[in-house]
Protein chains: 4
Amino acid sequence: MPRPDRPSAARERKRELILDAARAVFAAEGLEGASLRAIAARAGYTPAALYFHFDSKEAIYGELLGESLEALGEALESAVQDTSADIALRQASMAFFDFYATRPGDLDLGFYLFRGGMKPAGVGADRDRQLNAALANALQPIAEAAIDMGAGEADARRVMVDVFAHATGLLLLHHTGRIRMFGTEAKAQMTGYVDELVARIERLG
Amino acid sequence: MPRPDRPSAARERKRELILDAARAVFAAEGLEGASLRAIAARAGYTPAALYFHFDSKEAIYGELLGESLEALGEALESAVQDTSADIALRQASMAFFDFYATRPGDLDLGFYLFRGGMKPAGVGADRDRQLNAALANALQPIAEAAIDMGAGEADARRVMVDVFAHATGLLLLHHTGRIRMFGTEAKAQMTGYVDELVARIERLG
Amino acid sequence: MPRPDRPSAARERKRELILDAARAVFAAEGLEGASLRAIAARAGYTPAALYFHFDSKEAIYGELLGESLEALGEALESAVQDTSADIALRQASMAFFDFYATRPGDLDLGFYLFRGGMKPAGVGADRDRQLNAALANALQPIAEAAIDMGAGEADARRVMVDVFAHATGLLLLHHTGRIRMFGTEAKAQMTGYVDELVARIERLG
Amino acid sequence: MPRPDRPSAARERKRELILDAARAVFAAEGLEGASLRAIAARAGYTPAALYFHFDSKEAIYGELLGESLEALGEALESAVQDTSADIALRQASMAFFDFYATRPGDLDLGFYLFRGGMKPAGVGADRDRQLNAALANALQPIAEAAIDMGAGEADARRVMVDVFAHATGLLLLHHTGRIRMFGTEAKAQMTGYVDELVARIERLG
DNA sequence: TATGAATGAGTATTCATTCAT
DNA sequence: TATGAATGAATACTCATTCAT
């Protein structure tokens, strides 16, 4: 299995082709329903061929999540461009929420891999660490905005976690349609939460 | 098919035996890895025998989640006993968090069924509605405490959702071990969140 | 398992109840789809209860076919009442055809049991002989009519077999809808066949 | 799923190997008793491997029946070679009878698929039409011989159906051993029937 | 780099039947 | 006479993965 050090452009193009197929299958069939065969078929490949490009089905998932987290980071980054600190915090937080609100599949993927990451603890450990780092990196703009507002480092980290947790919980209710039964709306609740959060930090500063 | 109206005690005992086995398998193998065969084996039964007690594998899951939600309701209920409204809100919220903090399997179950419940929309629709109602019912003490503190009905519902979302998000980070990488601790963050929440409602009232 | 020698009327009524249920299930689900559970359910019984009335599922089938053959015999019998020999032959033959044309389920049953009867050769041997005799008896009017027309015994038996074979083949094509693709119609072909048959016998006599 | 356009000889050989195994299992266990596992085992394969060569168990059945009908067609075809029309009709009819008299399994297969073909009406509809056409095609020599004898097209079709029906009915009695109880013999009856048939057509012409 | 072929373990569910009560 | 409980064997089919070519 010759996996060259300097991957050619063609090789990279094929990988992307497969990842695109995987994204399409996820969107159409959902995460559990997506089989390697289906991904291969949609990519115009034989199942066996995928193993020249990825180590396993989980590796494909991982790659997909990696790209998603990168896109998330860029979304937050561009949300904080050229603004005062409090508005940056506000916009970064809402950008996080909006990112997953408009990409339910990516949220699924994140749930799947972040939860599954616990069990084996052996094989996926490397990738696990990588994904952890990618997530932390993507969320960084939130922490930085908090610091710019005068918060200490520990507080900033707490803010980051709070935003992540609140948004994630609301998104879960949102994407499963459960939030309707409470007569509320996810984005409005998120906005309200961020308002409080900003006020709290300003009180601290 | 012969499901008698007055289930004997023995019958009920056996059902619980099977449910216990299912819980054990879930804990050991994870939700997705749990097969009917495994559950039957752990219960000392043949796979076919389970169908005398439950209609399907999903029915077992549903029953398990149902029991879990009932226990959750009781936990919240007893948390608000004999207290002033603000302490009731605090304690009910933390009871929710603690319930799932100490029962990771139940959180898994809830995730699985609440997320999967969307797709079929046909068969499981009844159970879906039932579970929805059970969840709403279990969370009721939180909303009631908010109302006792002077909040309107709509605000109380929002509080309920906020607590659910924040706790759920934190629990996700907690049970997957991710929260460590942010240098924080889930329960402390939850306590902090509830403090702010109570303060906010008091300001409103 | 007390199987009394002098079956009470109540016992017989219950047997008929079960047989009726079986007939209903066959009609609704087809022969292969009919399960003992389904029959029991439709009869208001538990599967196990049926074993007090019948030795096996096959025994129920056998009983059903037995009753069917009896009815067939009565149909042929009444078709030959008070007529000249040639008309008797004609009418008995067409009565055979009509009987199964209007009762597709009975034809199914006959096929199933008469074909399956070959293999085991052990258990069902008794019933097999019984069914054989019942069929031969039901067809008797055809042979008798031939004899009345002047045919010898051997010829009469051949006539009987010919009628049975021709009708059966046509019914098969009829009930499966295949006959349409040949642009013909089963009953017309049967009538034509019987015409020829009668003419042939008259030529012989 | 990767079913190449130019199937290699090896591939075809393996398909035949599986079909042979299926034929053997059918002969040994009967049609209903034949399981995919059994077929795979007899072919020296894992059950899953069969799915690389056939889409489903029914597809195997269909292929088998298809080959059988083709062989039937060839048998009739070669029976009518270089003869006068009346002898052609005689020989084609007897060839049909003989074909199934010497291949009881093929008759079983035909019964199974032609009768089962009715119910689903959805999935197997295509194959159903194909088999219909194959049967009609195989029987064509009979109709052609009738036409050569001077029969009209409609009459020729009726002759074809008559021969099919009579032979089929006799074969049923023959293969189940029932014909013995009538003191007759299937082939002799078929010959007699064909004699009458030829005489009738000659009278018409 | 890719394929065709194959594996082996696994899936939930259904069936006729048995037996103690 | 009937039930509830249970069995054991069977069902077709799917999956991620491997390997020789």
Side-chain angles (χ1 to χ4, degrees), chain A residues 1-4 8 10-11 14 32-40 44-60, chain B residues 1-4 7-8 10-11 14 32-40 43-60, chain C residues 1-4 8 10-11 14 32-40 44-60, chain D residues 1-4 7-8 10-11 14 32-40 43-60:
Chain A
M1 288 155 209
R3 204 68 59 77
S8 73
R11 181 170 180 75
K14 284 174 192 167
E32 326 271 300
S35 70
L36 200 135
R37 312 154 84 99
I39 296 171
Y45 277 114
T46 265
L50 301 203
Y51 286 87
F52 285 95
H53 301 278
F54 300 93
D55 285 338
S56 68
K57 192 189 167 194
E58 299 277 301
I60 296 180
Chain B
M1 1 201 106
R3 209 64 57 78
S8 72
R11 181 172 184 74
K14 282 173 194 165
E32 328 268 302
S35 71
L36 210 144
R37 289 144 98 104
I39 296 172
Y45 277 116
T46 260
L50 300 204
Y51 284 88
F52 186 78
H53 299 279
F54 299 94
D55 283 337
S56 68
K57 192 189 162 193
E58 296 279 303
I60 296 180
Chain C
M1 287 157 207
R3 204 69 56 77
S8 73
R11 181 169 179 75
K14 284 175 192 169
E32 325 271 299
S35 69
L36 201 137
R37 312 153 84 101
I39 296 172
Y45 277 112
T46 262
L50 301 203
Y51 286 87
F52 285 95
H53 301 278
F54 300 93
D55 284 338
S56 69
K57 193 190 165 194
E58 299 278 301
I60 296 180
Chain D
M1 347 195 120
R3 210 62 59 80
S8 72
R11 181 174 184 74
K14 282 174 194 164
E32 328 269 302
S35 71
L36 210 144
R37 292 144 98 102
I39 296 172
Y45 278 115
T46 262
L50 299 204
Y51 285 89
F52 186 79
H53 299 278
F54 299 93
D55 283 337
S56 68
K57 192 190 163 193
E58 296 279 302
I60 297 180

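To find a chain, count down the sequence lines: A is the first, B the second, and so on, and within it residues start at 1.
With sequence neighbours excluded, the residues that form a side-chain contact (heavy atoms from CB on, under 4.5 Å) with D:A38 are D:V25, D:S35. Looking at residues two or more places apart in sequence or on another chain, you find a side-chain contact (heavy atoms from CB on, under 4.5 Å) between C:A59 and C:F54, C:D55, C:S56, C:R127. A:K57 is linked by a side chain to side chain donor-acceptor pair (under 3.5 Å) to A:Y61, counting only residues two or more places apart in sequence or in another chain.
Nucleotide F:dC13 holds its C1' atom 13 Å from the CD atom of D:E58, rounded to whole Å. What separates CG of A:D55 from C1' of F:dA16 is a distance of 14 Å, to the nearest Å. B:R37 places its CZ atom 15 Å from the P atom of E:dT14, with the value rounded to the nearest Å. Atom CG of C:L50 is separated from atom C1' of F:dA2 by 11 Å (rounded to the nearest Å). Atom CD of C:E32 is separated from atom P of E:dA16 by 12 Å (rounded to the nearest Å). Rounded to an integer number of Å, the gap from B:Y45 OH to F:dA6 C1' is 8 Å. B:R11 has its CZ atom 8 Å from the P atom of F:dG4, to the nearest Å. Atom CG in C:L36 sits about 15 Å away from atom P in F:dA2, given to the nearest Å.
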Reading DNA chain E 5' to 3', how would its secondary structure be written in dot-bracket notation, given Watson-Crick and G-U pairs with both distances under 3.5 Å, brackets [ ] for crossing pairs and | for partners on other strands?
.||||||||||||||||||||
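Checking E:dA16, F:dT3, F:dA16 against every side-chain atom of C:A49, the shortest atom distance belongs to F:dT3. Of the candidates E:dT17, E:dT13, F:dT7, the closest approach to any side-chain atom of C:K57 belongs to E:dT17. Nearest nucleotide to the side chain of D:K14, out of F:dA5, F:dA12, E:dA6: E:dA6. Taking the side chain of B:T46 as heavy atoms from C-beta on, and the options F:dG8, F:dT3, F:dA16, the nearest nucleotide is F:dG8.
Mapping D:A38 and B:G44 onto DNA chain F by nearest heavy atom places B:G44 closer to the 5' end of the strand. Residue order along DNA chain E, read from the 5' end via each residue's closest nucleotide, puts A:A48 first among A:A48 and B:P47.
Rounding to the nearest 0.5 Å places CZ of C:R37 at 12.5 Å from CD1 of C:I39. Separation of atoms CG (C:L50) and CG (C:L36) is listed at 5.0 Å; rounding is to 0.5 Å.
Residues A:K14 and A:Y45 meet the side-chain proximity criterion, which asks for heavy atoms closer than 4.5 Å.
Panel note: side chain B:T46, backbone B:A49; no donor-acceptor pair is recorded below 3.5 Å.
Using a 4.0 Å heavy-atom criterion, one finds that A:S35 contacts the sugar-phosphate atoms exclusively.
Look at C:Y51 and you won't find any side-chain N or O under 4.0 angstrom from OP1 or OP2 of E:dA16. Phosphate contact (OP1/OP2 of E:dG4, side-chain N/O of D:H53, threshold under 4.0 Å): absent.
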